[in-house]
Engineer: 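Got a structure for you, written out below as structure tokens; questions coming shortly.
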Amino acid sequence: MTSFAEVVTADVVVVGSGVSGLTTALSMPGRDVVVVTKGPLASGSTRWAQGGIAAAVGPDDDAVLHAADTVAVGAGLNDAEAVRALTSDGAAAVARLVERGAAFDRDDRGELILGREAGHSVRRILHADGDATGAEVSRALTEAVERSPVRVLEHARVTDLHLDGGRIAGLTAVVDGRPVLVAAPVVVLATGGLGHVYAKTTNPPEVSGDGLDLASRAGADLADLEFVQFHPTALDSGRDPMGLLTEALRGEGAVLLDDRGTRYMVGEHPDAELAPRDVVARATWRLLREGRRPVLDATTAVGAAFPDRFPTVFALCAEAGLDPRREPVPVSPAAHYHMGGIVTDLDGRSTVPGLWAVGEVTRTGVHGANRLASNSLLEGLVFGGRAAVSILDADPAPVTAPRPDPPPAGSDPQPDLEQALRDVMWAEVGVVRTGTGLADALDEIERIEEKAAPGRTRLRSMLTVARAVTEAAARRTESRGGHFRADHPETDPAWARSVPA
């Protein structure tokens, strides 16, 4: 039997180093916490986030109004208690982040500058350096971790969760090619979403649904996997992942034009460019399917101020040889966020004792069938803190290190099969779905499964997640939020419920 290169013991192991994972890790003083992350510290989607953090901090705003906007976008599937937890603790969660070193944009009087995005009835979006909010959040939390006793295992791919007597006892990972065993009575999954299962996505390559696969194999309940949010304005420049053109641009007056120069969202929805993301994404998808080229025009709304107000977007455009100050830029929808996931309570507990989960990998019910813009970073702050409190309260006893076999050496990547999977997910399980297309996707997934190398590979994990999402989409014979069936285009009241995977 091959031995482990290293055995680590801890009170808590957190998998993921985005806003959810690092907030959880930092909120457990006195506990021995290890963060395991797939890339370097602060990898994942958080640092890519441009839009900002939604919180009721303005004079014309409150938690009740924020909750109402969240529910309005959630298409009837929000859990009211989860929404209240998110919005009522929003301002305090932001304040805690500021205490940890995050700096948000302020005016000459020192007051927070608040933006507005789709679905929000007032200005409540906090930004940092215009459109670099995620990078600032990531910087502040990463530096806080580096100052703390929290230990970090970087470049670690978790292969299995381990149970002893039905409860969590630790995990195994491959760290820079070495098998490592981490023994702990608590595992917190903060692995983010599944965007890279799709050919067009704004998520980095490491965001490929690992947490869902791990939790499912450990016996945790999953639900609402069909609800994938497609951001309507990714920069259509051929880059993978696609650059995000923040919704804040439309909040400041940028418009969407078709190839005839017509604002195609006028007439689609009363809020035009500020309609819910699924509405805008479908309108853009239709144009692309017709062979037309939709563009985002911010030449009047932002113009010469682009480098100062939206430096991240400006750099993305410049990299593609585009100048958004003077010309409209091409856009496409892209897989951006997953509303479904691991079923947890409001404190992050899953259905497996000792397994908590926080952030995008979860299904708390806070987002329902469609996430309100800029609620994602807030979710990580609020529910990461709540999970930490519940773990401290639970005070689980130490465990004896399990002695499983180390994970076998990984097989060579299979990029052609991975791309085939991503292509079929985009074509048939994307912005617009049909029963026939979903059946075709399942057939293609099965063909890829037959060719995939055995073992705990990235491709196998992606296939498990892709199949689960596709099967969930096939079961829900209606359209709601991020799930749109062209063969069942109406919302059916009988489907106003969460559906287990």
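Small disclaimer: the values here were computed from a predicted structure and weren't measured.
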Engineer: So which heavy atom on Thr23 is nearest to which on Gly385, and how close?
Structural biologist: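 Closest pair (atom of Thr23, atom of Gly385, distance): CG2-N, 3.8 Å.
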Engineer: Minimum heavy-atom separation for Met28 to Ala388, with atom names?
Structural biologist: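 Reported closest heavy-atom pair: CG-CB, 3.6 Å.
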Engineer: Is there side-chain contact between Val35 and Glu154, with heavy atoms separated by less than 4.5 Å?
Structural biologist: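 Side chain of Val35 against side chain of Glu154, heavy atoms only: no contact under 4.5 Å found.
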Engineer: State, with a plain yes or no, whether a side-chain heavy atom of Arg277 is found less than 4.5 Å away from one of Glu247.
Structural biologist: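 Yes, at least one pair of side-chain atoms sits under 4.5 Å.
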Engineer: Do Thr477 and His488 meet the criterion of a side-chain donor-acceptor pair at a distance under 3.5 Å?
Structural biologist: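 There is no such pair between these side chains.
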Engineer: Side-chain contact test, heavy atoms from C-beta onward, threshold under 4.5 Å: evaluate it for Val158 versus Leu214 and give yes or no.
Structural biologist: yes
Engineer: Salt-bridge test for Arg476 and Glu478: reply yes if a basic N is under 4.0 Å from a carboxylate O, no otherwise.
Structural biologist: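 A salt bridge is present here (some side-chain N lies under 4.0 Å from a carboxylate O).
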Engineer: Determine whether Gln229 and Asn370 satisfy the following criterion, side chain to side chain donor-acceptor pair (under 3.5 Å), listing intermediate values before the conclusion.
Structural biologist: CA-CA 7 Å; Gln229 185 176 85; Asn370 201 17; 3.0 Å; yes
Engineer: Please report the C-alpha distance between Asp131 and Thr133 in whole Å, then the side-chain angles of each, then the deciding distance to 0.1 Å, and finally whether the side chain to side chain donor-acceptor pair (under 3.5 Å) criterion is met.
Structural biologist: CA-CA 6 Å; Asp131 59 358; Thr133 310; over 6 Å; no
Engineer: Does the pair Glu226 and Arg433 meet the rule for a salt bridge (charged side-chain N to carboxylate O under 4.0 Å, His left out), with working shown?
Structural biologist: CA-CA 11 Å; Glu226 62 269 38; Arg433 304 159 175 179; over 6 Å; no
Engineer: Check for a donor-acceptor pair, side chain of Thr246 on one end and backbone N or O of Leu249 on the other, with a separation under 3.5 Å.
Structural biologist: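 No, because the side chain of Thr246 does not come within donor-acceptor range (under 3.5 Å) of the backbone of Leu249.
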Engineer: Just by modelled atom types, is the Ala473 backbone N or O under 3.5 Å from a matching donor or acceptor in the Arg485 side chain?
Structural biologist: yes
Engineer: Out of Asp440, Leu442, Ile448, which residue meets the side-chain contact (heavy atoms from CB on, under 4.5 Å) rule with Glu444?
Structural biologist: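 It is Ile448, the one option of Asp440, Leu442, Ile448 that forms the side-chain contact (heavy atoms from CB on, under 4.5 Å) with Glu444.
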Engineer: Dump the intermediate steps for side chain to side chain donor-acceptor pair (under 3.5 Å) on Asp69 and Ser121, then the final yes or no.
Structural biologist: CA-CA 7 Å; Asp69 289 345; Ser121 55; 2.9 Å; yes
Engineer: Evaluate the criterion salt bridge (charged side-chain N to carboxylate O under 4.0 Å, His left out) for residue pair Arg458 and Glu418; output intermediate values, then yes/no.
Structural biologist: CA-CA 9 Å; Arg458 169 185 165 91; Glu418 183 174 311; 3.1 Å; yes
Engineer: Does Asp62 reach the main-chain N or O of Leu65 with its side chain, forming a donor-acceptor pair under 3.5 Å?
Structural biologist: yes
Engineer: Strictly by modelled atom types, are Ser498 and Asp224 linked by a side-chain donor-acceptor pair under 3.5 Å?
Structural biologist: yes
Engineer: Indicate the atoms forming the closest heavy-atom contact of Asn78 with Gly74, along with that distance.
Structural biologist: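 Where Asn78 meets Gly74 most closely, the heavy atoms are OD1-CA, 3.1 Å.
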Engineer: Could you walk me through whether Asn375 and His66 pass the side chain to side chain donor-acceptor pair (under 3.5 Å) check?
Structural biologist: CA-CA 10 Å; Asn375 268 355; His66 187 184; 2.9 Å; yes
Engineer: Knowing that exactly one of Asp347, Asp393, Asp89 qualifies, which makes a salt bridge (Lys or Arg N to Asp or Glu O under 4.0 Å) with Arg386?
Structural biologist: Asp347
Engineer: Does this structure show an ion pair linking Arg96 with Glu99, if we count only N-O contacts that are shorter than 4.0 Å?
Structural biologist: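 Looking at Glu99 together with Arg96, the answer is no, because their closest N to O distance does not fall below 4.0 Å.
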Engineer: Would you check if Val186 and Pro396 make a side-chain contact, meaning some heavy-atom pair closer than 4.5 Å?
Structural biologist: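 A side-chain contact under 4.5 Å exists here.
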Engineer: Determine yes or no for a side-chain-to-main-chain donor-acceptor pair under 3.5 angstrom, with Ser350 supplying the side chain and Leu355 the backbone.
Structural biologist: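 Looks like yes, one N/O pair under 3.5 Å.
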Engineer: Is it true that Glu143 and Arg100 have a side-chain N and a carboxylate O under 4.0 angstrom from each other?
Structural biologist: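 No.
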Engineer: What I'd like to find out is whether the side chain of Asp105 reaches to under 4.5 Å of the side chain of Leu112, using heavy atoms alone.
Structural biologist: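 Heavy-atom side-chain distance check fails, nothing below 4.5 Å.
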Engineer: Here's one to test your reading of the geometry: is the NZ or CZ of Arg422 within 45 degrees of the ring axis of Trp426 and under 6.0 Å from its centre?
Structural biologist: no
Engineer: Specify the closest pair of heavy atoms between Gly119 and Val73, including all atoms of both residues, with the distance to one decimal.
Structural biologist: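 For Gly119 and Val73, the tightest heavy-atom pair comes out as CA-CG2, 4.1 Å.
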Engineer: How would you list, by chain and number, every residue that makes a side chain to side chain donor-acceptor pair (under 3.5 Å) with Arg456, sequence neighbours excluded?
Structural biologist: Asp160
Engineer: Looking at His127 and Ala248, what are the two nearest heavy atoms and their distance?
Structural biologist: NE2-CB, 3.9 Å
Engineer: Look at the side chain of Asp221 and the backbone N and O of Val343, then say whether any donor-acceptor pair between them is shorter than 3.5 Å.
Structural biologist: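 It does not hold such a pair.
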Engineer: State, with a plain yes or no, whether a side-chain heavy atom of Ser45 is found less than 4.5 Å away from one of Pro204.
Structural biologist: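 Contact flag for Ser45/Pro204 side chains = yes.
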Engineer: Listing request: all ring pair (Phe, Tyr, Trp, His ring centres under 6.0 Å) pairs with a residue in residues 347-376, at least two apart in sequence or in separate chains.
Structural biologist: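 Sorted result for residues 347-376: Tyr337-His367.
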Engineer: May I ask you to test the Ile391-Val12 pair for a side-chain heavy-atom distance under 4.5 Å?
Structural biologist: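 Heavy-atom side-chain distance check passes, below 4.5 Å.
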Engineer: Within the structure provided, determine whether Val15 and Thr37 are in side-chain contact (heavy-atom separation under 4.5 Å).
Structural biologist: no
Engineer: Just checking, is any N or O donor in the side chain of Arg124 or His120 under 3.5 Å from an acceptor N or O on the other one?
Structural biologist: yes
Engineer: Would Thr344 and Thr362 count as having a side-chain donor-acceptor pair, cut-off 3.5 Å?
Structural biologist: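 Distance-only check fails for Thr344 and Thr362.
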Engineer: Please determine whether a side-chain nitrogen of the Lys or Arg among Glu379 and Arg371 lies less than 4.0 Å from a carboxylate oxygen of the Asp or Glu.
Structural biologist: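 Salt bridge between Glu379 and Arg371, a charged N being under 4.0 Å from a carboxylate O: no.
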Engineer: Would you call Arg282 and Glu268 a salt bridge, taking side-chain N to carboxylate O under 4.0 Å as the test?
Structural biologist: no
Engineer: Can you name the closest pair of heavy atoms from Thr364 and Asp345 and give their distance?
Structural biologist: CG2-O, 4.5 Å
Engineer: Could you go through Arg250 and Glu117, starting from their C-alpha distance and side-chain angles, then the distance that decides it, and tell me whether this counts as salt bridge (charged side-chain N to carboxylate O under 4.0 Å, His left out)?
Structural biologist: CA-CA 7 Å; Arg250 285 173 283 135; Glu117 295 177 356; over 6 Å; no
